[in-house]
Amino acid sequence: MMAYCMPLSEKDLQCPTCHEVFVLPVTLKCSHTICKVCVEKHWEWNGARECPVCRAVSPTEKPAINLALKMASDSFKQRKLGLNAEPLCDLHGEQLKVFCLTEEEPICVVCQVSNKHSRHSYCPVEEAASERKREISARLTPLQKQLKALNATKEDWIETELYIKIQADKTDRQIKKEFETLHTFLWEEEAARLAVLREEEIKKAQIVKKRLENITKTIAVLSDTIDKFQKSVETDNLSFLRDFKQTKSRMLYRTPEVERIPGALIDVPKHLGLLKFNVWKKMLETINHTPITMDPNTAHPNLTFTQELSNVRYSSKNQTPNNPERCTSRMAVLGAEGFASARRTWDVEVGENRDWCIGVAQVSIQRKKSVFLNPEEGFWTISLCNGEVYWAQTAPRTRLTLKSRPRRITVDLDYEKGKVAFLDADSLAPIYTFKHKFTEKLFPYFSPGVHVEGKSLSPLKVCPLTVSVVIQ
């Protein structure tokens, strides 16, 4: 007993068959001690109850467990587990050295020979962990890519959230500025109309005042004459008769007739009649109506807009989100409204710019990577390069010969007929016509180009239409 109380080394506690610390050690009649599991496997494989060490035949099917050696082995395992802190089998308290491939869980060697796992497939824990780590790592890579993409998308949305605030504030200021212009117009119009009213009031009041002064004088003269006649009548007969001749001559006086003044009152209909309509009609003289509005959400970050989004020019870079609609591969912007039917026409003032490109583009164009501006890529445009050469952006592109340099160009889109025609808006001379069977919505396309000093000479302008009022 004292021998077994002394700590044994790992070598002393190793099974001679599996070379692991004993698990349920049993001592055969030949005195060799072997793990119970190792003995049973050896007997099953060989078909005989032989000792795996000396091949001596054992007379019994159930050799006795060596309890002392088991206690020593368990004690050694506990000490070792205290150092390694490896988990043990919940059922048997043994180390989990085997991985059940069927149940996909680590088990101990006792579990391996139990009824639950006897028909299952196994492999060592290290081998199973290595294979499954490779499997998880392979699945981890696309997940990491997804996480990276989601983080990038999150940053985009954070940037978009901030830009929405900036965009709303800027639009707020622009709306207020436009309404300030309208308010100024109305205030000035109100002041002008009130001034006309006051002028008429003063003028007519002066006329009436002058007439009142004349009437007052006439009344005074007539009152004095009546008073004298009255006194003459009230005198004695002799005095009356003596002054009768003179009194009679005074009676020949005729007071001037009182004239009625036509139009003496304020001409109210002139001031109030159709007041709103007349003010609105006059307001039309200060308002531009353009057939095309540009969409800043599709614009390259280096473009800015004026005149209610009808003018575009190159400028310093703006902080804008890289939203899907935005054109970042080219210095361009699309119209806010797309067309998939009917005929549409608009004029573009190109001015003295040395580089520009105008026309139409279909909704599915590549906006983030560079492509050729030709019909195969969804563009129907003409351009000016370096202030010298005009091109129709065909595939390959076609050089255009123009008699004069156009300042305004008409873009004539006929969707049903499949035509995009370009003309000199002033001379109506044709420049180029594309023919194509359109299948997608088309948007106006504008590219003002970049000047050598970093600024375009003048903006590309969508020319306003003439606004008229028709009364029916």
- Between Asp414 and Arg343, is there a donor-acceptor pair closer than 3.5 Å when you use the side chain of the first and the backbone of the second? no
- Message: Tell me if a side-chain donor or acceptor on Arg397 pairs with a main-chain N or O of Ala392 at a distance below 3.5 Å.
- Response: no
- Message: Please check if the number of heavy atoms outside Lys270 that lie under 6.0 Å from its NZ is greater than 12.
- Response: yes
- Inspect the surroundings of NZ in Lys419 and state if more than 12 heavy atoms from other residues, nucleotides or ligands are less than 6.0 Å away. no
- Query: Just checking, any donor-acceptor pair under 3.5 angstrom between side chains of Glu325 and Asn323?
  - Reply: yes
- Query: Does Phe99 reach the side chain of Pro106, with side-chain heavy atoms less than 4.5 Å apart?
  - Reply: yes
- Task: Evaluate the salt bridge (charged side-chain N to carboxylate O under 4.0 Å, His left out) criterion for residues Glu189 and Arg193: first the C-alpha distance (whole Å), next the side-chain angles of each, then the deciding distance (0.1 Å), finally the verdict.
- Result: CA-CA 6 Å; Glu189 184 66 17; Arg193 289 178 175 271; 2.9 Å; yes
- Message: For a side chain to side chain contact (heavy atoms under 4.5 Å, CB included) check, start with the C-alpha distance between Gln112 and Val37, then their side-chain angles and the critical distance, and finish with the verdict.
- Response: CA-CA 9 Å; Gln112 186 178 3; Val37 174; 5.9 Å; no
- Task: Measure the acute angle between the ring planes of Tyr415 and Phe438, then classify it against the limits of 30° and 60° as parallel, tilted or perpendicular.
- Result: tilted
- Query: Can we call the ring centroids of Tyr445 and Phe443 under 6.0 Å apart?
  - Reply: no
- Query: Hey, is CD on Glu349 packed in by over 12 heavy atoms from elsewhere, all under 6.0 Å?
  - Reply: yes
- Query: Can any side-chain N or O of Gln95 pair as donor or acceptor with the backbone N or O of Leu88 at less than 3.5 Å?
  - Reply: no
- Let me see the working for Asp169 and Arg173 under salt bridge (charged side-chain N to carboxylate O under 4.0 Å, His left out), right down to the final yes or no. CA-CA 6 Å; Asp169 291 343; Arg173 291 192 299 271; 5.4 Å; no
- Task: Using a cut-off of 6.0 Å, state whether more than 12 heavy atoms not belonging to Glu135 lie near its atom CD.
- Result: yes
- Is the side chain of Asn353 donor-acceptor paired with the backbone N or O of Ser458 at a distance under 3.5 Å, no angle test? yes
- Is there a side-chain contact between Trp280 and Lys276, using heavy atoms and a 4.5 Å cut-off? no
- Would you check if Arg367 and Thr298 make a side-chain contact, meaning some heavy-atom pair closer than 4.5 Å? yes
- Message: Quick check against the 3.5 Å criterion: does Lys204 have a side-chain atom that pairs as donor or acceptor with the backbone of Gly263?
- Response: yes
- pair Tyr390-Ile382: side-chain heavy atoms closer than 4.5 Å: no
- Looking just at side-chain N and O atoms, do Gln167 and Asn297 make a donor-acceptor pair shorter than 3.5 Å? yes
- Message: For Glu416, I'd like to know if atom CD has over 12 heavy atoms of other residues, nucleotides or ligands within 6.0 Å.
- Response: yes
- Query: Would you say the side-chain atoms of Gln393 and Ser383 include a donor-acceptor pair closer than 3.5 Å?
  - Reply: yes
- Could you tell me whether a side-chain N or O of Ser130 sits under 3.5 Å from a main-chain N or O of Glu126, the two making a donor and an acceptor? no
- Do Gln362 and Ser364 have a side chain donor and acceptor closer than 3.5 Å? yes
- Message: I'd like to know if the side chain of Arg326 and the backbone of Ala299 have a donor-acceptor N/O pair within less than 3.5 Å.
- Response: yes
- Message: Would you say that Glu352 contacts Arg407 through its side chain, given a criterion of any heavy-atom pair below 4.5 Å between the two side chains?
- Response: yes
- Message: Keeping Ser75 on the side-chain end and Met71 on the backbone end, is there a donor-acceptor pair under 3.5 Å?
- Response: no
- Message: Could you check whether Asn374 and Thr394, counting side-chain N and O atoms only, form a donor-acceptor pair closer than 3.5 Å?
- Response: no
- Message: I want to check something: taking the side chain as every heavy atom from C-beta on, are Arg354 and Asn386 in contact at a cut-off of under 4.5 Å?
- Response: yes
- Item | Backbone N/O of Cys38 and side chain of Thr17: donor-acceptor pair under 3.5 Å | no
- Atom NZ of Lys368 with >12 non-hydrogen neighbours under 6.0 angstrom: yes
- Message: With side chain to side chain contact (heavy atoms under 4.5 Å, CB included) as the criterion, how do Trp380 and Leu413 come out once you've worked through the C-alpha distance, each side chain's angles and the decisive distance to 0.1 Å?
- Response: CA-CA 10 Å; Trp380 294 267; Leu413 167 64; over 6 Å; no
- Salt bridge present between Glu40 and Lys36 (N-O < 4.0 angstrom): yes
- Query: Are Ile266 and Glu200 close enough that some pair of their side-chain heavy atoms sits under 4.5 Å apart?
  - Reply: yes
- Counting distance only, does the side-chain N/O of Asp227 pair as donor-acceptor with the main-chain N or O of Ser223 below 3.5 Å? no
- Query: Do other residues, nucleotides or ligands put more than 12 heavy atoms under 6.0 Å from Phe372 CZ?
  - Reply: no
